[in-house]
Amino acid sequence: MKTKKTFKKVSLFLIALTLIVPISCTKEFTDRPSEDQVSLDAYYSSNNQVATATNAMYNRTWFQFNNKFFYAIAEVGSGNMYTNSSDVNAMRNFSLLGSDPELFNGWTSLWANIAQANAIINFLPGRVGPAVDSNVLNNTVGEAYFMRATAYFYLVRLWGAVPIIENNLDFAESPIIPKNRVQDIYELIKRDYIKASELLYEKNRGTNYANNAHVSKGSAKAMLAKVYLYLEDYSNAKLLAEEVINSGEFKLFGGTSLPSNSFADLFKYEYNNNQESIFALQWKTDGNYGSGNNCNTQFGISTSNVSTSNATYGGVFAPSQDILNLYETNDLRRKETIMLPGDVYPNILAKFGSNFGQLVVPPANEIGGQGAGAAIKKYCIGIVNGNTTGPADTWAMMNNSTYIMRYAELLLIHAEAILAGGSSTSDVNALTSFNAVRERAGLTPLTTITFDDIFTERRKELAFEGDYWFDLGRIPRANAIAIMAAQNRGNMDFAEYFTPTTGNSPDNNGNDFLLPYPDNDVAKNPKLNEEPVPYQF
């Protein structure tokens, strides 16, 4: 792909943030906030006010990242999804440019999360009233460290070297900011997750799902295990994964601990924030654009005859032709991941012309979805139907949560950490974790596993959840290019194949998995033309 790298004076949220007084994304990160913003001293006078200070960081700050960008890059780019919609299809043929509006949206959203987190980390502890309990304050600050680490984890995997900003006001007078080295960004991520794990509440997740919505010590340790896996620090990935597994905080929905549930339940609105959810975005329709989840519309079926959304459009993203044959016929995940002609979904209310009824998927040429002949089931919950779906806002966006990490992934991380780069393993602990995911899907357990087994299982389990692009980015580049070049990236009528470039541009360092910065940024910050510099912690 083309990799002209530039940098933007990032639009970020204002320093003074509360859930009750939402702040629009209109100020540069180098602008000092005006003195007449919300008084933190007056506002943060109670435990509830402090505890809810991070609520917006579970949805609104992530909206432009999740709305289209995340899927356009991680799923269309990886070959899991197909689209021919002009605003999100550049990664289908690896032609993404720095002028791409959705690229800008995703980039800005991640920096907004960092700015919000920085505000809480740096300013909240000194601006609370005496009635606020220290453990409540610590948990809120821990959430901010968690969010900053997560935003940087996406930034470093998507763009590589980026500036490290721990306090936005440090750059109020000096907006020309150098990039920092990738290894330093990962060091910040590790430190932030460790700090989060020290400050956050310890939880034991049960059936009171509302109590599961915010992250915990276990969430931070699980995400850190994933970071260690990416760094090939297998011993620490294994140690942390086992610590979280042994804590019993999270459980596999439909596994031995929760046999009355299933993989299908994971994506039903009524099970938002279930025991398998390690970290999920918490959408809450409130009348404002950007507070709800748009996936029901963008993933579902939308034709003149059949619709699974209250919107007048839909099916922006669809399964790729390459993924249609990924699942074995007895894999229970297929029907709950991909909708094929003839599939019946009693829990999804659909509109058939002027009538309503349970969804029966129409013939391939009547599904829509860009002519893919199939539709995406995950996150598709159908026409508004009382408690089954919850409400929809003016834009038909809904409140079903978006997983960033599930316990099933942690189990696969555990298995891969035990494999530790080896050719295969029959280690009983690795097999226990790996087979728990397979058996939940109705598949027979394996007695020996290889990296390819885990790699394929991750794709099956986490399809359309934004991980496959990053998995391709951590295998040998030639292997990843061969995988993508062999994918049919066309629709059901016209096969198309595209091969990523070999990454010869001088600023790409041979890495096809780094995206271009938004186009006008390097002009505003010439240091982005220079090599990354070490960060002084």
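By convention here, the first residue in the shown sequence is residue 1.
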Given the ring of Phe263, does Arg440 sit roughly above its face, with NZ or CZ under 6.0 Å from the centre of the six-membered ring and within 45° of the axis? no
Parallel, tilted or perpendicular: which fits the ring planes of Tyr403 and Tyr379, with parallel below 30° and perpendicular above 60°? tilted
Which residues satisfy the ring-ring contact (aromatic ring centres under 6.0 Å, His included) test with Tyr269, sequence neighbours excluded? none
Scan Tyr468, Tyr230, Trp469 and name whichever one has a ring-ring contact (aromatic ring centres under 6.0 Å, His included) with Phe513. Trp469
Presence of salt bridge, Lys217 and Glu202, under 4.0 angstrom: no
Tell me, with the steps shown, if Asp322 and Arg459 meet salt bridge (Lys or Arg N to Asp or Glu O under 4.0 Å). CA-CA 12 Å; Asp322 183 73; Arg459 188 184 186 191; 2.8 Å; yes
Taking the ring of Phe63 and the ring of Tyr289, is the distance between their centroids below 6.0 Å? yes
Cation-pi check for Tyr345 against Lys335: NZ or CZ below 6.0 Å from the six-membered ring centre and within 45 degrees of the axis, yes or no? yes
Is atom NZ of Lys284 surrounded by more than 12 heavy atoms (other residues, nucleotides or ligands) closer than 6.0 Å? no
Centroid separation Phe253 to Tyr271 less than 6.0 Å: yes
Passes salt bridge (Lys or Arg N to Asp or Glu O under 4.0 Å), Asp233 versus Lys190? Steps please. CA-CA 12 Å; Asp233 184 347; Lys190 290 188 290 184; 5.8 Å; no
With a 6.0 Å cut-off on ring centres, are Tyr193 and Phe153 close enough? no
